[in-house]
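Each chain gets a letter, A, B and so on, in the order its sequence line appears, and its residues count up from 1.
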2 protein chains.
Amino acid sequence: MANKRVKAQDVANLAGVSRTTVSFVLNNRSDSIPEATRQRVLDAARKLGYVPSAAARTLRAGGNNIVLVLTRYVVASEAGDEMHNAISAGLERCGLTCLLSRSAGDTSPLSRMLSEVRPCIIVSFFPISDDDRRMLEQLDIPLLELGEGASSPSEFSYANLQHRIGFAQAEYLIGRGCRDLVYVVGDDSLIEGIHEYRYQGVAEAVARHARVGLAGRVNVDADSGEGFLGLDEGMPDGVDGVCAFNDTVAAAVLAWAGRRGVDVPGDLRVIGVDNLRFGMFLDPPLTSVAIDADEGWSDAVVAAVLDRLGRAPAGDGAEGSSADAAGRADDAAGGGSGDFGIRVVARRSA
Amino acid sequence: MANKRVKAQDVANLAGVSRTTVSFVLNNRSDSIPEATRQRVLDAARKLGYVPSAAARTLRAGGNNIVLVLTRYVVASEAGDEMHNAISAGLERCGLTCLLSRSAGDTSPLSRMLSEVRPCIIVSFFPISDDDRRMLEQLDIPLLELGEGASSPSEFSYANLQHRIGFAQAEYLIGRGCRDLVYVVGDDSLIEGIHEYRYQGVAEAVARHARVGLAGRVNVDADSGEGFLGLDEGMPDGVDGVCAFNDTVAAAVLAWAGRRGVDVPGDLRVIGVDNLRFGMFLDPPLTSVAIDADEGWSDAVVAAVLDRLGRAPAGDGAEGSSADAAGRADDAAGGGSGDFGIRVVARRSA
DNA sequence: CTGAAAGCGCTTACAG
DNA sequence: CTGAAAGCGCTTACAG
């Protein structure tokens with residue numbers, strides 16, 4: 001088993017050409033190379049199972065096409081999962097390679113990661129420390145932060161997506177006649193960031209309607225026994241609409257309502273987020289906000305990455321691109337609707 | 001803004017030493033270097049924000065410490081998410097860098113990924129194509145396949161984990177007096193692989209008990225309206241126990257039972273998988289199998305990776321390691337219990 | 001159209 | 001204890 005590492009020279013030998021030619025063919029710079037030669041090289045490479053050394057090519061070329069995406073545990077949801085898939089697929093389609101880390105910059109230092117792999121851009125779903133931010137600047141690695149401050153959510157930010165989700169919940173309830181809303185969150189501290197954004201979205205929607213009020217936030221401690229801790233005490237009187245942080249929290253609210261004899265949706269309308277399947281098996285079936293990752297926000301993220309990299313979007317050559325990624329990203333979202341793939345799935349609970 | 005790429009030479013200049021010394025200090029081979037010099041180098045590196053070039057160091061050293069984990073969309077669950085986190089954290093603790101890909105080897109070719117980053121080992125949650133397998137062999141990259149054939153699930157395999165989950169479900173129901181089980185799956189084709197493994201586990205448990213029968217599999221088409229398609233027709237008579245593929249499917253069964261006036265758990269016991277929070281809000285609250293990623297199977301995976309790499313487990317120097325990773329992995333699982341962190345959370349439904 | 005050569009930034013024997 | 005030098009495998013001007 002002569003299992004020696006095969007390199008460009010071996011391919012060149014087998015094809016009867018020089019290393020230069022091999023490199024040209026393999027990197028699609030073969031304009032000036034006769035088709036016959038090209039094929040010989042390609043065949044040789046295939047036969048030998050040649051894959052160029054990532055390290056050498058990166059070193060020589062001065063960079064690679066890796067997009068490093070920083071995520072961490074937030075709350076598992078199909079929507080979140082699909083979003084990662086959609087982003088990954090979208091980047092691959094543009095010739096970029098998408099790699100996720102679930103610890104770098106969070107439980108493990110970012111610099112450690114960077115000495116193993118140096119991406120051409122970093123996309124982070126959570127806020128990066130100032131030190132890390134400085135380091136990236138030093139290293140000339142662009143950073144796309146998706147989870148910016150809730151105060152001024154940029155067009156692409158994860159914060160903005162969350163904001164819109166809350167907004168959509170509230171708008172729906174108000175449209176159904178609710179006048180006194182409340183926001184209910186779970187006790188999972190890991191979701192704090194997200195629920196803040198969503199709450200702001202709810203608040204904004206409420207502010208836009210004259211005679212609608214928002215009675216603040218209520219916490220459900222879902223871990224404690226029957227899981228209604230906080231609801232009995234916390235639920236303000238007169239509330240007729242609940243925006244739940246997600247479908248799980250909504251399920252808790254529904255169970256609580258059932259127990260207390262509160263009629264849903266007659267006395268109280270409840271809307272969740274995620275549109276998980278179990279929602280349709282609740283009593284009453286749960287109305288929820290679905291996020292369609294494939295056609296919405298993930299496209300905006302891919303567009304933003306491309307813009308930062310100074311590359312044109314996939315599938316077209318020249319385009320006046322640069323500062324106005326916002327416009328393009330918005331266009332990319334769900335057939336120009338700019339809704340980031342957010343939609344309400346109406347069932348009986350609201 | 002003199003933002004020139006800082007390299008080892010710059011650090012050496014600032015510290016007043018040679019590149020060699022810098023390299024020694026930064027790679028912890030500084031046995032022979034005086035502490036004062038060491039500090040000077042460290043300070044200089046910090047001040048300049050120096051991070052060694054990943055490409056150069058990999059090229060020169062002939063390898064890196066990257067573990068590439070191949071996953072893809074299966075079914076989002078907190079358990080799966082936590083498992084990835086636990087594996088990632090476990091590997092980092094051993095000095096390895098964990099990177100996930102959600103497309104390589106699946107929607108995008110593995111070779112493309114490999115020409116961007118060459119890991120020292122690949123861990124795959126799904127079966128790798130024969131071509132890719134050959135390629136990895138060629139490239140001398142060890143492959144740890146977690147989703148092996150259901151026929152002979154190895155001790156570490158994802159298949160085996162799934163097998164045990166099904167087994168645990170059935171054992172619990174049998175222990176509660178069930179004599180006629182049925183397995184209920186959703187219509188999500190993506191989960192086919194997993195549910196096959198789990199079903200085999202159920203079958204094995206049933207086979208171990210003399211007077212217990214298994215009435216096969218029933219499909220719920222959760223997408224269709226009320227979501228009971230298949231249950232009305234498919235549910236065999238006389239069944240007194242349901243092993244549901246997951247909590248969502250279990251929720252469908254519970255809803256169906258409520259509608260048909262089947263008493264749970266009196267006439268029918270139902271157990272799910274994942275122990276999702278919403279289960280406690282169902283009526284009756286759902287009994288489920290929880291998978292404790294932190295202390296169970298993920299440790300076994302980390303141990304297996306280390307073994308393949310020929311490295312000793314973290315935290316100890318010499319240990320007679322090699323072929324018997326099975327033993328070690330099993331030991332690592334949940335306080336030596338070898339249960340991979342699988343446990344039944346009993347509620348009223350079973 | 002093809003080849004010889006430089007050089008990317010590092011690590012690591014090897015001399016001093 | 002420290003430095004000069006080789007070389008990892010590739011890509012890319014540059015000559016032929």
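Side-chain atoms of A:Arg19 and base atoms of D:dT11 include a donor and an acceptor less than 3.5 Å apart. Scanning atom types as modelled, one donor and one acceptor separated by under 3.5 angstrom connect the side chain of B:Thr20 and the base of D:dA4.
Distances shorter than 4.0 Å separate none of the side-chain N or O atoms of A:Thr58 from OP1 or OP2 on C:dC8. Taking 4.0 angstrom as the limit, A:Tyr50 places a side-chain polar atom (N or O) nearer than this to OP1 or OP2 of D:dC10. Close to C:dT11, at under 4.0 Å from its OP1 or OP2, lies a side-chain N or O of B:Ser23. The side chain of B:Thr21 contributes an N or O atom lying less than 4.0 Å from OP1 or OP2 of D:dG3.
Between A:Phe24 atom CZ and C:dC1 atom C1' the separation is 10 Å, expressed in whole Å. In this structure, CG of B:Leu26 is placed 13 Å from C1' of C:dG9, rounded to the nearest angstrom. Between the CD atom of A:Gln9 and the P atom of D:dC10 there is a distance of 10 Å, given to the nearest Å. Taking atom CZ on A:Arg60 and atom C1' on D:dC10, their separation rounds to 8 Å, with Å as the unit. Atom P of nucleotide C:dC10 and atom CD of A:Glu116 are separated by 14 Å, given to the nearest angstrom. Atom CG in B:Leu59 sits about 7 Å away from atom P in D:dG9, given to the nearest Å. Rounding to whole angstrom units, CZ of residue A:Arg57 and C1' of C:dG9 are separated by 18 Å. Rounded to an integer number of Å, the gap from CD of A:Gln39 to P of C:dC1 is 16 Å.
Rounding to the nearest 0.5 Å gives a distance of 11.0 Å between CD1 of B:Ile66 and CD1 of B:Ile122. Atoms CZ and CG, on A:Arg102 and A:Leu70 in that order, are 11.0 Å from each other to the nearest 0.5 Å.
Electrostatic pairing of B:Asp43 and B:Arg40 does not count as a salt bridge here, judged by no charged N lying under 4.0 Å from a carboxylate O.
Comparing C:dG9, C:dT11, D:dC10 against the side chain of B:Lys7 picks out C:dG9 as the nearest. When distances run from any side-chain atom of B:Ser18 to the nucleotides C:dT2, D:dG3, D:dG7, the shortest one goes to D:dG3. Comparing D:dG9, C:dC1, D:dG3 against the side chain of A:Ala56 picks out D:dG9 as the nearest.
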For this session: Check the pair B:Glu92 / A:Ser103 against side chain to side chain donor-acceptor pair (under 3.5 Å), numbers first and verdict last.
Result: CA-CA 8 Å; B:Glu92 307 274 358; A:Ser103 50; 2.6 Å; yes
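Side chains of B:Arg118 and A:Ser53: no donor on one and acceptor on the other come within 3.5 Å.
When heavy atoms are screened at a 4.0 angstrom cut-off, A:Ala8 is found touching the sugar-phosphate backbone but no base atom.
With both pairing distances under 3.5 Å, C:dC14 is matched to D:dG3 as a Watson-Crick or G-U wobble pair.
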